[in-house]
Number of protein chains: 2
Amino acid sequence: MTAAEISTESAIFDAALRVFSRKGKDGARMQEIADEAGINKAMLHYYFRNKDSLYEAVFAHVIGRFFSEIDRAMLPGRPFVESMEGMIHVYMDMHAAQPEVARLWVQENLNGAPVARSLIERHRNADHPFGPHRLLARIREAADAGEIRAVDPVHLMMTVLGMTVMTFIATPTLSVFDPSLRIDSAAMIDARKRHIVEVLTHGITI
Amino acid sequence: MTAAEISTESAIFDAALRVFSRKGKDGARMQEIADEAGINKAMLHYYFRNKDSLYEAVFAHVIGRFFSEIDRAMLPGRPFVESMEGMIHVYMDMHAAQPEVARLWVQENLNGAPVARSLIERHRNADHPFGPHRLLARIREAADAGEIRAVDPVHLMMTVLGMTVMTFIATPTLSVFDPSLRIDSAAMIDARKRHIVEVLTHGITI
DNA sequence: CACAAATTTAACCATATGGTTGAATCATAT
DNA sequence: ATATGATTCAACCATATGGTTAAATTTGTG
């Protein structure tokens, strides 16, 4: 790969991620992606056959990295609550650094998640250690051992997902009520982490 | 309003809500909305000037009803935790009955929430009792009174929003891991309610 | 019924959009 | 330096899309 190739391709990738995460696959316009990447529209079709394959490439890349981060963050051998706290930090930091990833995933889901589903199926059939599956197993283990309450693993996963991801989805609306709620503020991300860990470990009762 | 008008207009409304919630404002196609409503494309422009005003009409209607539901569910004078439990039930039932509403709101936010923001501003300037503001006040009250932990009201609101709304967003992906995770299953909605209330009141620790 | 207003339809229009083409430019290895 | 393949561009094409129009049909009302 030449330097030009790398910079052009990654410029397309970044622009596509941004536009797809804002507008979804159908709402995104190739022209808008080209403009944000600072290139000619024909370049998109030189590097990626068409809109569908560009979308799939971006989604697969971004979600793949995401899954391995989950995996990496889930250090075994420590008490579950402690491990979970670490995961939430990693998870929140990832999203804060690149909020487009969570948004792209949400767009996928709103559209029925056909690409995400086929990706997961492919991962499942491979014998890779796979982030979400390992996480679910870890939760079940902790619940079975009586280390935590007898929660349903998938529900807890959905809960953690909701509390973290919602931070990067709901701010355009919620910042009307509290203007300090900016996802580019380190203080706010920090406060959010503390809130999530606190509610998750103790709930809101005293 | 004649009978034909009512049925045609509400058919358009319902179809528009469904399509907008799937594809977002830009991703939605007027033809697709017309098809789902079972009418001619020109009818959309007879009942609503254009795509923008159709979107705004649908969004305002749906979110307005939603806000007043929040208001209605927030019965005063009861212990906060009890009141919150009731709200979560109402909230979950609403979404379960019409998951498109939450999805439309998420789409709005992914797009920067221009319509939602101007709607909220208009509500704020009116002297109506306004759902979200009253809810935030209620949370602050309970926290100040030491009835619950000293949580930031907006963060708690985001947390509740995340735990509930995520149920109707993430299922296309998460159902790969647990096929019983169907939002049209009363048992699953029930289990989700219990999980949310449990985590919110006690956390996951024993 | 007769008449006006509301409703519905098919055909149409201008532009936007995804995608293509062929020529031009650039990098690099010999 | 030049031949080769990679990269970039402007111009182009077919179709999709948002929106319009004028005529036809239905509905409500005296």
Side-chain angles (χ1 to χ4, degrees), chain A residues 1-61 100 104 107-108 110-112 114-115, chain B residues 1-61 100 104 107-108 110-112 114-115:
Chain A
M1 250 201 254
T2 70
E5 213 176 321
I6 289 168
S7 69
T8 303
E9 192 169 334
S10 74
I12 293 176
F13 238 88
D14 290 355
L17 172 58
R18 265 176 282 135
V19 176
F20 281 135
S21 75
R22 256 184 276 140
K23 306 292 185 86
K25 189 178 123 186
D26 290 338
R29 297 289 118 98
M30 294 299 264
Q31 188 61 59
E32 196 179 347
I33 296 174
D35 289 348
E36 286 216 17
I39 54 150
N40 191 290
K41 185 163 64 99
M43 294 293 292
L44 297 181
H45 296 281
Y46 177 72
Y47 282 93
F48 302 91
R49 198 172 315 282
N50 52 32
K51 199 188 192 181
D52 281 357
S53 67
L54 174 57
Y55 179 81
E56 270 171 53
V58 169
F59 191 83
H61 178 255
E100 291 84 10
L104 185 69
Q107 290 277 11
E108 246 296 290
L110 291 170
N111 204 23
V115 178
Chain B
M1 250 201 252
T2 68
E5 214 176 319
I6 289 169
S7 69
T8 303
E9 192 168 335
S10 73
I12 293 176
F13 238 89
D14 291 355
L17 172 58
R18 265 175 281 135
V19 177
F20 281 135
S21 75
R22 256 184 275 139
K23 305 293 184 84
K25 190 178 123 185
D26 291 338
R29 297 290 120 98
M30 295 298 266
Q31 187 62 60
E32 196 179 346
I33 296 174
D35 290 348
E36 288 217 16
I39 54 150
N40 191 289
K41 184 162 65 99
M43 294 292 292
L44 298 181
H45 297 281
Y46 177 72
Y47 281 93
F48 303 90
R49 197 170 313 283
N50 52 34
K51 198 189 195 184
D52 280 357
S53 67
L54 173 57
Y55 179 80
E56 271 172 53
V58 169
F59 192 83
H61 178 255
E100 291 84 10
L104 184 69
Q107 290 276 11
E108 244 297 289
L110 291 171
N111 204 23
V115 177

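Every chain is numbered from 1, with letters handed out A, B, ... down the list of sequences.
Computed from coordinates, the Met43(A) CE to dT25(C) C1' distance equals 12 Å when rounded to whole Å. Rounded to whole angstrom, the span from the CG atom of Leu44(A) across to the C1' atom of dC9(D) amounts to 13 Å. Nucleotide dT7(D) holds its C1' atom 14 Å from the CZ atom of Phe48(A), rounded to whole Å.
Counting heavy atoms from C-beta on, the side chains of Phe20(A) and Ile33(A) come closer than 4.5 Å. Looking at Val58(B) and Ile12(B), their side chains never come closer than 4.5 Å, going by heavy atoms from C-beta outward. By the 4.5 Å heavy-atom criterion applied to side chains, Leu104(B) and Tyr55(B) are counted as neighbours.
The phosphate of dT9(C) has neither OP1 nor OP2 within less than 4.0 Å of any side-chain N or O from Tyr46(B). One finds a side-chain N or O of Thr8(B) lying less than 4.0 angstrom from the OP1 or OP2 phosphate oxygen of dT8(C). Contact annotation: Tyr47(B) does not reach the phosphate of dA6(C) (side-chain N/O to OP1 or OP2, under 4.0 Å).
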Discussion item. Between Lys23(A) and Arg29(A), does the side chain to side chain contact (heavy atoms under 4.5 Å, CB included) criterion hold? Intermediate values first, please.
Written reply: CA-CA 9 Å; Lys23(A) 306 292 185 86; Arg29(A) 297 289 118 98; over 6 Å; no
Item to complete: Spell out protein contact along nucleotides 16-21 of chain D as letters: B when the base is contacted, S when just the sugar-phosphate is, - when no protein heavy atom is under 4.0 Å; keep the 5' to 3' order.
Response: -SBBBB
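Residues that satisfy the salt bridge (Lys or Arg N to Asp or Glu O under 4.0 Å) test with Asp52(A), not counting sequence neighbours, are Lys25(A).
For Ala37(B) against Ala11(B), the heavy-atom pair with the smallest separation is CB-O, 3.6 Å.
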